[in-house]
Amino acid sequence: MSEHPGGTLPAPADPEPSPGEVPGPRPGWSPWRAVVGFGVVSLAADMVYEGARSVTGPLLASLGASALLVGLVTGAGEALALVLRLPFGSRVDRSGGYWNATIAGYALTAVSVPALALTPFLGAAGLTVGCLLVLAERTGKAVRSPAKSTLLAHAAGPVGLGRGFGVHKALDQIGAFAGPLLVAAVAGLTGLLWPALIVLAVPGAAAIGLLLWLRRRTGDPLREQALGASETGPGPSLRQAAAQLPRAFWVFAASAGLATAGLVTFGVISYHLVTDGLVSTAAVPLVYAAAMAAEAVAALATGWAHDRFGGRGLLVLPALVAAVPALAFSDSLGLVVVGVLLWGAAAGLQDSTVKALVAQLVPSRRRATGYGFFAAVQGVAALAGGALAGELSARSVPALVAVVGVLQLAALVLLISTLRARPA
């Protein structure tokens, strides 16, 4: 199906559209307005969960967690946020419920993060509840991400997928920058983490309100498309859907999975920042905010480069990932900050330009399914990588650096294979 040439996320306008045709746009809603609308929603939501993620390591440590447990929980959280996109992505492609899944996922995050404020008052159960809430927040990410990415890809098509995802990610990162600063300010004033987590309920409520408004303004054309396709018979099973995705997609998924396995979670980095005495707990969100700023710049730059030069801009990703552990776990605060900034830049590529290439590698009607399979590969890698980083960072940083380097060399080979299979 071809994208509508004049707008994005249009609402039905013609009483009798031809089969397979996307209905006309609502008056006044250009593709850029829809992209920016999604970006503002993500800005508010990122204040919530990135604000919380900036202190996940110190919070769990204060509840009695070890470095290994922090690595396992944060790695498992990333795994859930990725692996569960497979069933949710396939489901929304069949049902057309892109908006419902997006709203439900954001709501789960908006509730789970402020609830973390209760954990210091739960005694021995606080650590267990804290771990479960961290996993619940990441599950919300899994519920919404395939559906939201599909809506965004549909919106960004007329203006360029790389630029669309890049601008969205930049707006997203403004929230990711502001959230940790808010947490740092409240934690600095009170000397406690739980009041800062309660404050994050405000941008969470704003994100839900903005999302509901955006749905009313843009309509739901992809639901009509999905329902029309379902009339021809039941959708393919997961095995059949996997077989329908091109080989280049799977090679790229393997490359991205290796990059994810090597990219140490910030929970492990922040754990060492505090336990090694490099920074105070209240200052950790400031370091994280700097990483989010680097992520925004990287997303914008690589998004522009993707539309101009193709996927070749992703060749820097393995190098960025390989450099992170050598710098982030050093004894020098300056080197640690550089490592954290490189960590943010690598995350920016993974969450913007990578998604743009996935959208180009799979058929448009199977984008949510493709995002789901892609994320599932990354999720398995994230779980393994989180455990690996948590264990090796406490035992032997040089061993961690060596293992990550080998993984990124393999990722680079697979990425080059992807780009050769699909000319830029």
Side-chain angles (χ1 to χ4, degrees), residues 41-63 65 69-81 105-122 126-145 172-190 192-208 265-271 273-274 281-292 295 340 343-344 347 351 382 386:
V41 170
S42 291
L43 186 158
D46 266 45
M47 289 188 66
V48 181
Y49 67 82
E50 298 292 12
R53 289 178 74 194
S54 71
V55 293
T56 296
L59 175 65
L60 294 180
S62 71
L63 297 173
L69 181 58
V70 172
L72 284 172
V73 171
T74 55
E78 294 308 309
L80 283 176
Y106 276 119
L108 182 55
T109 291
V111 171
S112 299
V113 167
L116 283 168
L118 301 175
T119 56
F121 306 101
L122 299 180
L127 178 58
T128 300
V129 174
C131 292
L132 292 175
L133 287 172
V134 169
L135 298 179
E137 185 278 312
R138 293 286 82 192
T139 300
K141 178 77 169 177
V143 171
R144 68 179 179 263
S145 189
D172 177 285
Q173 290 310 111
I174 292 175
F177 181 78
L181 291 181
L182 177 62
V183 169
V186 177
L189 289 172
T190 63
L192 300 168
L193 289 179
W194 67 264
L197 294 169
I198 288 180
V199 169
L200 295 176
V202 176
I208 301 301
T265 64
F266 189 80
V268 175
I269 296 174
S270 63
Y271 179 94
L273 283 173
V274 173
T281 298
V284 170
L286 299 178
V287 178
Y288 190 74
M292 295 300 97
E295 190 169 337
V340 170
W343 178 87
D351 206 27

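Here the structure is a predicted model, which means the values were calculated and not measured. These values consider heavy atoms only, across backbone and side chains, with no hydrogens, waters or symmetry-generated copies. Sequence positions, counted from 1, serve as the residue numbers for this chain.
For Ala52 against Leu200, the heavy-atom pair with the smallest separation is N-CD1, 3.8 Å. Across every non-hydrogen atom of Val70 and Gly57, the tightest pair is CG1-CA, 4.2 Å. For the pair Pro195 and Thr190, the tightest heavy-atom approach, listed with the atom from each and the gap, is CG-OG1, 3.9 Å. Among all heavy-atom pairs drawn from Ala176 and Met292, the shortest one is O-CG, 3.1 Å. The two atoms that bring Val73 and Cys131 nearest to each other are CG2-SG, 3.6 Å, heavy atoms only. Here the closest heavy-atom approach between residue Gly175 and residue Pro180 is recorded as O-CD, 4.2 Å.
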Evaluate side-chain contact (heavy atoms from CB on, under 4.5 Å) for Leu197 paired with Leu59, printing each intermediate quantity in order.
-> CA-CA 11 Å; Leu197 294 169; Leu59 175 65; 4.2 Å; yes
Before giving the answer on side-chain contact (heavy atoms from CB on, under 4.5 Å), spell out for Leu182 and Val199 the whole-Å C-alpha distance, their side-chain angles and the decisive distance to 0.1 Å.
-> CA-CA 8 Å; Leu182 177 62; Val199 169; 3.7 Å; yes
With side-chain contact (heavy atoms from CB on, under 4.5 Å) as the test, would you mind laying out the steps for Leu286 and Leu181 before giving the verdict?
-> CA-CA 6 Å; Leu286 299 178; Leu181 291 181; 3.4 Å; yes
Mind running side-chain contact (heavy atoms from CB on, under 4.5 Å) on Leu60 and Leu69 for me, showing each step along the way?
-> CA-CA 9 Å; Leu60 294 180; Leu69 181 58; over 6 Å; no
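Remark: Leu135 CG to Leu80 CG distance equals 5.5 Å, nearest 0.5 Å. Distance check, rounded to the nearest 0.5 Å: OG1 of Thr56 to CG of Leu116 gives 7.0 Å. The CG atom of Leu193 sits 12.0 Å away from the CD1 atom of Ile198 when rounded to the nearest 0.5 Å.
Using the six-membered ring where Trp is involved, Phe266 and Trp343 have ring planes that are tilted, between 30° and 60° apart.
Counting only residues at least two apart or on different chains, the side-chain hydrogen bond (donor to acceptor under 3.5 Å, both in side chains) pairs with a member in residues 108-117 are Thr109-Arg144. The salt bridge (charged side-chain N to carboxylate O under 4.0 Å, His left out) pairs that include a residue from residues 133-143 are Glu78-Arg138, where partners are two or more places apart or lie in different chains.
Under the 4.5 Å side-chain criterion, counting only non-hydrogen atoms from C-beta, Val41 is in contact with Tyr106. The shortest side-chain heavy-atom distance between Leu118 and Leu133 does not fall under the 4.5 Å cut-off.
Here the side chain of Ser54 pairs a donor or acceptor atom with the backbone of Gly51 at under 3.5 angstrom.
Considering only residues two or more places apart in sequence or on other chains, Phe177 meets the ring-ring contact (aromatic ring centres under 6.0 Å, His included) condition with none of them.
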